[in-house]
Every structure is written in structure tokens, then in C-alpha cells.
Amino acid sequence: MRLDPEDLAKISSLTLAHYQENAESFEAGTRDHDVSQNIAALLRDIEGEPPYDILDLGCGPGRDLKTFTALGHRAVGLDGTPRFVDMARQASGCEVWLQDFLQLSLPDGRFDGIFANAVLFHVPGQELPRVLRELRAALKPRGVLFSSNPRGGNQEGWNRGRYGAYHDLDGWRGLLADAGFEELEHYYRPQGLPREQQPWLASVWRRTAR
């Protein structure tokens, strides 16, 4: 079913309101999550000498901005939740942009890497091709996009107050290839568990020349 502009506005407003209302508990619950595997996956495929310009897309309260900065990189955050933007600025000292994922306004060719950890699944499927093209345009030539999403069977809908789209590997590969990316690697998380206990699909992509 095709979502109209009113549907999309509702999806954004209700999902962001959920995060706004639960910002402090979200920060406390995710503060100690170990995503070092994901950060390393992004950084090892960026070409050239560091420091790198990194966009933390959906940066939340700023946990990973602090990590990128501690590693010596130039990190910029982006989130659609006003409370998260305030928290991330205070926690990291980084520049943080307040932008809705469905209404991005990104500079062309600015970033060596984009870190989209547990965020792109909030983009409705019909809008995702456009959003991915916008992210590609924000990368430097041969820049790198990291994404991690809860996997599923290519279904989407509401889940505990938030909208989500849940892709399988084949579906995700098709979307990224159509948007102008080539796959560098993928893996499932958490590490070391049987596949049925690995709900997260992580993948790394390079901006192609086209």
C-alpha cells in the first residue's frame, strides 16, 4: 500500500515523539552497548589517511560521536529527536544537526563515511531508495556507508510506538545496489551466537563511480 504525505508525516511525528518521550531511559539503556565491531567495520574500509569526516546518522544521545572523536576523527551527528540532539551536543562537543530522516538536507561530497547504526530501518520502504541516494550524494567519491538494522522478511509497520521496515539480506542488497553502492561485507550480530539469535544485519558499502 502506497503511503501518502499525511501517512509519512504521521510515521515521522509519532516515531520521533516516542524517542523524545523516552530519551533519558533510551540513553541509560544503550550507554554500554558495545558497537566497536560496527565502528571498526566502517573505518577499516575508508580509503586515504585519517582523520576522517564521519556522519553519525541517527546519533541518538551521542555515544558513538564520543567514540569517533576519541579516535581522532571529525564527527558530525544528525538526529530527528530534539532531546537527542541536545544530549549529543552536550555529551560529545560535536556539531549535531536536527533533521528528519525523510527530509534530509545534506552537503554534497562532504563525508568519508556514514555510520547508520540501528537507524535506517525507521525509513518506510517506499522512501528508502530516495534516502539512500541522498546519503550516497553526501559521501565523497568511494566513501563508505555502514548500516545495521533488525532483519526480517521485508515487512514493515508499527512496533511498540515506532515505525520499522525489516529487510532480509537479498532485499537490502537490491536496495543498496540500485542506490549506487557496492557491497564490501556483511555480518550478523551479536557475534558468536546461532543465526536465529542474531537479530541484527550489519553491512558495509562503498559509493560506486556512477
Side-chain angles (χ1 to χ4, degrees), residues 27 30-79 84-85 87-89 91-97 99 101 104 106-123 128 131-151 167 169 172-173 175-177 179-193 198-209:
E27 190 280 331
T30 60
R31 183 185 305 155
D32 297 324
H33 283 188
D34 181 6
V35 295
S36 56
Q37 180 187 18
N38 295 346
I39 289 172
L42 170 70
L43 294 176
R44 69 169 161 260
D45 282 311
I46 297 177
E47 298 176 345
E49 293 298 316
Y52 301 127
D53 290 299
I54 305 294
L55 175 64
D56 187 354
L57 184 76
C59 64
R63 178 197 63 205
D64 302 330
L65 284 173
K66 292 193 293 183
T67 300
F68 285 119
T69 301
L71 292 171
H73 302 295
R74 298 179 292 263
V76 173
L78 184 153
D79 208 283
F84 280 166
V85 170
M87 295 167 78
R89 287 170 177 164
S92 69
C94 293
E95 183 178 1
V96 183
W97 301 336
Q99 293 188 27
F101 300 151
L104 293 173
L106 300 175
D108 286 343
R110 164 78 180 273
F111 298 103
D112 298 292
I114 296 176
F115 189 65
N117 189 69
V119 56
L120 287 175
F121 76 101
H122 285 314
V123 178
L128 191 56
V131 171
L132 290 172
R133 289 193 299 270
E134 291 171 349
L135 297 181
R136 181 187 180 278
L139 285 168
K140 296 176 183 178
R142 295 186 59 79
V144 176
L145 168 67
F146 170 88
S147 73
S148 178
N149 297 305
R151 60 190 180 92
H167 306 275
L169 178 58
W172 191 243
R173 279 173 164 164
L175 286 162
L176 271 290
F181 290 93
E182 61 180 358
E183 184 179 352
L184 298 176
E185 67 169 308
H186 75 272
Y187 54 89
Y188 296 92
R189 281 177 53 87
Q191 289 179 283
L193 296 177
Q198 294 177 311
W200 293 91
L201 170 61
S203 54
V204 187
W205 306 82
R206 189 177 309 285
R207 173 180 165 163
T208 59

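The chain is numbered in sequence order, starting from 1. Note that the structure is predicted; figures quoted are calculated from it, not measured.
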Minimal non-hydrogen separation, [X] against [Y], with atom names:
| X | Y | result |
| --- | --- | --- |
| F121 | A118 | CE2-O, 3.5 Å |
| A91 | P61 | CB-O, 3.8 Å |
| V119 | G58 | CG2-CA, 3.9 Å |
| H167 | L128 | NE2-CD2, 3.7 Å |
| L65 | G77 | CD2-N, 3.7 Å |
| S92 | A88 | OG-O, 2.6 Å |

Verify, without hydrogens or angle tests, whether E183 (side chain) and W205 (backbone) share a donor-acceptor contact under 3.5 angstrom. no
Checking the side chain of R136 only, and the main-chain atoms of T208 only, is there a donor and an acceptor separated by less than 3.5 Å? yes
Supply the atom-to-atom distance [X] [atom1] to [Y] [atom2], rounded to the nearest 0.5 angstrom.
| X | Y | atom1 | atom2 | result |
| --- | --- | --- | --- | --- |
| L169 | S203 | CG | OG | 7.5 Å |
| L78 | E95 | CG | CD | 10.5 Å |
| C59 | W97 | SG | CH2 | 11.0 Å |
| Y187 | Q37 | OH | CD | 4.5 Å |
| L104 | L135 | CG | CG | 6.5 Å |
| R142 | R207 | CZ | CZ | 11.5 Å |

By the definition side-chain contact (heavy atoms from CB on, under 4.5 Å), identify the one residue from L184, I114, D45, N117 that meets it with F146. N117
From the list D34, N38, I39, side-chain contact (heavy atoms from CB on, under 4.5 Å) partner of S36 resolves to D34
Output, in order, the C-alpha distance, side-chain angles, deciding distance and verdict of side chain to side chain contact (heavy atoms under 4.5 Å, CB included) for I54 and L43. CA-CA 9 Å; I54 305 294; L43 294 176; 4.2 Å; yes
Qualifying ring pair (Phe, Tyr, Trp, His ring centres under 6.0 Å) pairs with a residue from residues 34-69, counting only residues at least two apart or across chains: Y52-H73, F68-F115
With sequence neighbours excluded, tell me which residues meet salt bridge (Lys or Arg N to Asp or Glu O under 4.0 Å) with [X].
| X | result |
| --- | --- |
| R110 | none |
| R44 | E185 |
| R89 | none |
| D112 | K140 |

Do the side chains of T67 and V35 get nearer than 4.5 Å, heavy atoms only? no
Check whether any side-chain heavy atom of L132 lies under 4.5 Å from a side-chain heavy atom of L120, and answer yes or no. yes
Test log, rule side chain to side chain contact (heavy atoms under 4.5 Å, CB included), inputs H186 and W172: CA-CA 11 Å; H186 75 272; W172 191 243; over 6 Å; no
Worked check of side chain to side chain contact (heavy atoms under 4.5 Å, CB included) between L201 and N149: CA-CA 5 Å; L201 170 61; N149 297 305; 5.7 Å; no
Going by the salt bridge (charged side-chain N to carboxylate O under 4.0 Å, His left out) test, which pairs reach into residues 55-76, not counting sequence neighbours? D53-R74
